[in-house]
Number of protein chains: 4
Amino acid sequence: MDEAAAQPDPAQDEEARPRTRIQRRNTQAILDAALEVFSAQGFRGATLDQIAEVAGLSKPNLLYYFASKEAIHVELLSGLMDTWLDPLREMDPEGEPEAEIMAYVRRKLQMARDYPRESRLFANEILQGAPRMRAAIEGELKDLVDEKAEVIRGWQAAGKIAPVHPYHLIFSIWALTQHYADFDMQVRAVLGPEGADPFPEAGRFLDTLFGRLLAP
Amino acid sequence: MDEAAAQPDPAQDEEARPRTRIQRRNTQAILDAALEVFSAQGFRGATLDQIAEVAGLSKPNLLYYFASKEAIHVELLSGLMDTWLDPLREMDPEGEPEAEIMAYVRRKLQMARDYPRESRLFANEILQGAPRMRAAIEGELKDLVDEKAEVIRGWQAAGKIAPVHPYHLIFSIWALTQHYADFDMQVRAVLGPEGADPFPEAGRFLDTLFGRLLAP
Amino acid sequence: MDEAAAQPDPAQDEEARPRTRIQRRNTQAILDAALEVFSAQGFRGATLDQIAEVAGLSKPNLLYYFASKEAIHVELLSGLMDTWLDPLREMDPEGEPEAEIMAYVRRKLQMARDYPRESRLFANEILQGAPRMRAAIEGELKDLVDEKAEVIRGWQAAGKIAPVHPYHLIFSIWALTQHYADFDMQVRAVLGPEGADPFPEAGRFLDTLFGRLLAP
Amino acid sequence: MDEAAAQPDPAQDEEARPRTRIQRRNTQAILDAALEVFSAQGFRGATLDQIAEVAGLSKPNLLYYFASKEAIHVELLSGLMDTWLDPLREMDPEGEPEAEIMAYVRRKLQMARDYPRESRLFANEILQGAPRMRAAIEGELKDLVDEKAEVIRGWQAAGKIAPVHPYHLIFSIWALTQHYADFDMQVRAVLGPEGADPFPEAGRFLDTLFGRLLAP
DNA sequence: GATGAATGAGCGTTCATTCAT
DNA sequence: AATGAATGAACGCTCATTCAT
């Protein structure tokens, strides 16, 4: 999971993706460079020149692999959605409720730490009204949240966790974990140089927060 | 309180701002339009043409009032910082600790509701590494947070609230409230049409969350 | 003769020029400022803003006195031509030939010293093919040169001065004197700080040069 | 010898200049067009559109070869200085003094005839205070003049030529030769159609002038 | 597969000029 | 007599994209 727009399931490439090794390598280089640039500058703020330079390719060569700037962006986002939802997907309805949610929080925080660029790419997209991701949000993402909210409701009905609003509970997990990626600059500026890595403390803080919130 | 870059204290204009009515009107129209466009598209994504159209002015006329596109952005941001920190500033060291923090959360959520564009403008800026706001973040903002963290620590030492990490407590308030402005699109998409206004429920949720977190 | 575009004959104003004192003062301020700016930046390089600032007037006020930027320039040039030719006009056919020419050289050098901006304005205009002065060059100026060339030819026929080409003699006087105004920057750079004022030495040099050239 | 910013030594291109034929051709076309336009309109008066049209290229294509309008101008000027000083550089300290100077005058007049655009480009630059050439004037140019002035002083000390001021002697050569390029329009207007080519007569005139001036 | 060359569309900005007062 | 306000036209420049090889 160190690549750009991590693709957990390489099998999905079978049809759409190029075959030769060189193509795969360049495609990945482009996506990785694009992630770097798009996440830092936004879609319009990024230029193909920047992406090409980071990728170590010529600009026309970029467009040999992707039809357009937008196509790169779309590819990045569509590759992202699955990865993005994985931590939630893994929440096991059969597991121990509080532990399941706490584990979800930790996975999500881990993602914010390991994939801050993906988080910012996503944040940029949502901030601008999700012009290229609306369908995935209203479909895939909403469906999964609906499903998991139902699970949570079940847990609550069984008295295993406190009866807080399931959707807002999920929002709160997103907000609190992604904040450390998206507002990283601010977090570090406020904590100052001594607290170089905010994540360990953030992990403990969120443990406390959700522990208290969920206690039945 | 529906204007761009809300100025709670209109008296501050007396010196720095232009005098004639027409100037005040156009300057405000530009700032309001710019807020609309910058918050939705980011700095580079926004164009003067868009801003001019929203403001109902010609493009050169924009530049009659502001020296450059950047100057408009800077004006917006600098006007924003004060407003942005006001809810925290109002937190009274002499007040009742839990109530003070809960009131801060509610003020902050209210701001997310009333000024979502300002919140997104701010989020855009931080996401991109705060190229035009770094100084204010590292100065003004950090200073206030340092001060208030000390207050919180005092309350905790006195056993009035739970001894959670003061800085992360503040981050959590920011994250949880601003999320409803910045990720508004996603929140609404997930909640679906029935929960048209997410804020009342969000308010209740945050009351519970921080009530449980802070209980000594 | 310290004003812009010196007008030796104030009588010519009678009709065309404004009457009130304030108007006369502003008109002069504009022309003086315009001379300053046009001579240093060329016509297209100069802006009305610059001229307005130097003149201490508002930009629309400039256009209250002159119909357009071009009108200011034309006024400047047309006012200049007479002054420009005066030194040559004064050359007296009845005078002592060599002394007359030497005196002309000295008057011309004096003008280069006293009116370098006028000289540069003129040079700019000619350099660019005299788009706004062609008529005056082909008419007024050529006529005077033709007349004086004839005088010189007479002096030469009488054996009073050496029989050098009269037109090129006049060109050489122009070139050698105006050079000290037009290429002032270069002259000073080459001579270095010690020779702060190049004109006295230039005067002696030209005396020698034309003395030897004209000796019969 | 009809190219822009004449490069007498094509070998100097080897490293710095682009390699492909197409690049060389377009680069030259741009420089030639720019020389045409800059020399006639000045830097600010010239537009990239004009240059592009003369060069037969699109405007963005100009900027594919040169980083900016200013970069074209600078390239033109920096290429010019060497060529400009060559005639003086060739003046041989070991040669016969009067003949050396006379030959310099003729070379310089030849340059005015063959490269009038370069002369006007240079004149424009100096007229405006040499904003982009100051360093070269105060360095390269001044150094060469200092050196050659010393040579002339040596010749004068040896009684080979008249003891006129060496610097003003050089200025006079510049003024008298460049005048025929820079003020070409005026020269032709005054001489009228019959004397279509002023240069032959100018050559004879300058021969006489400097012959008499330098005779010991 | 890959790239140097080229461009149309659009960007932020400047500026001479006009308008309203 | 003067100026704040406004703008159309154009400017230098950027950029995603296309073309030719």
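Note on naming: letters A, B, ... go to the chains in the order of the sequence lines (proteins, then strands), and numbering restarts at 1 for each one.
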* Asked: Hey, where does DNA chain E pair up into stems, meaning at least three consecutive Watson-Crick or G-U pairs with distances under 3.5 Å?
  ->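 Ordered by first number, the stems with DNA chain E (at least 3 consecutive pairs each) read E:2-21 with F:2-21.
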Answer yes or no: does a side-chain N or O of [X] lie under 4.0 Å from OP1 or OP2 of [N]?
| X | N | answer |
| --- | --- | --- |
| D/Arg21 | E/dA5 | no |
| A/Asn26 | E/dA2 | yes |
| C/Tyr64 | F/dA1 | yes |
| D/Gln23 | E/dG4 | no |
| D/Thr20 | E/dA5 | yes |
| B/Tyr65 | F/dA6 | yes |

* For the side chain of A/Thr47, starting at C-beta, report the closest nucleotide among F/dA5, F/dC15, E/dT14. =>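 Closest of the options to the side chain of A/Thr47: F/dC15.
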* **Residue met sooner reading DNA chain E from 5', once C/Glu70 and D/Arg25 are mapped to nucleotides** => D/Arg25
* B/Arg44 or C/Gly45: which one's nearest nucleotide on DNA chain E is closer to the 5' end? -> B/Arg44
* **Main-chain N/O of C/Val54 paired to C/Glu36 side chain as donor or acceptor, under 3.5 Å** => no
* **Side-chain donor/acceptor of D/Arg134 to backbone N/O of D/Gly129, under 3.5 Å** =>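 Yes, because the side chain of D/Arg134 sits within donor-acceptor range (under 3.5 Å) of the backbone of D/Gly129.
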* Base, sugar-phosphate, or nothing: which does A/Ala71 touch, judged by heavy atoms less than 4.0 Å apart? ->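 A/Ala71: no heavy atom of the nucleic acid under 4.0 Å.
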* Asked: To the nearest Å, how far apart are C/Leu63 CG and F/dA2 P?
  ->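 After rounding, the reported distance stands at 14 Å.
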* Rounded to the nearest Å, what distance is computed from the CZ atom of residue A/Phe43 to the P atom of nucleotide F/dC15? -> 13 Å
* **Identified ring pair (Phe, Tyr, Trp, His ring centres under 6.0 Å) counterpart of A/His73 within the set A/Phe38, A/Phe122, A/Phe66** =>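 Answer to the ring pair (Phe, Tyr, Trp, His ring centres under 6.0 Å) test with A/His73 among A/Phe38, A/Phe122, A/Phe66: A/Phe38.
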* For DNA chain F, which residues in residues 48-62 of chain C have a heavy atom at a distance below 4.0 Å? ->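 Only C/Ser58, C/Pro60, C/Asn61 qualify.
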* Asked: Residues in side-chain contact (heavy atoms from CB on, under 4.5 Å) with A/Glu70, at least two apart?
  -> A/Phe43, A/Ser68, A/Val74, A/Arg132
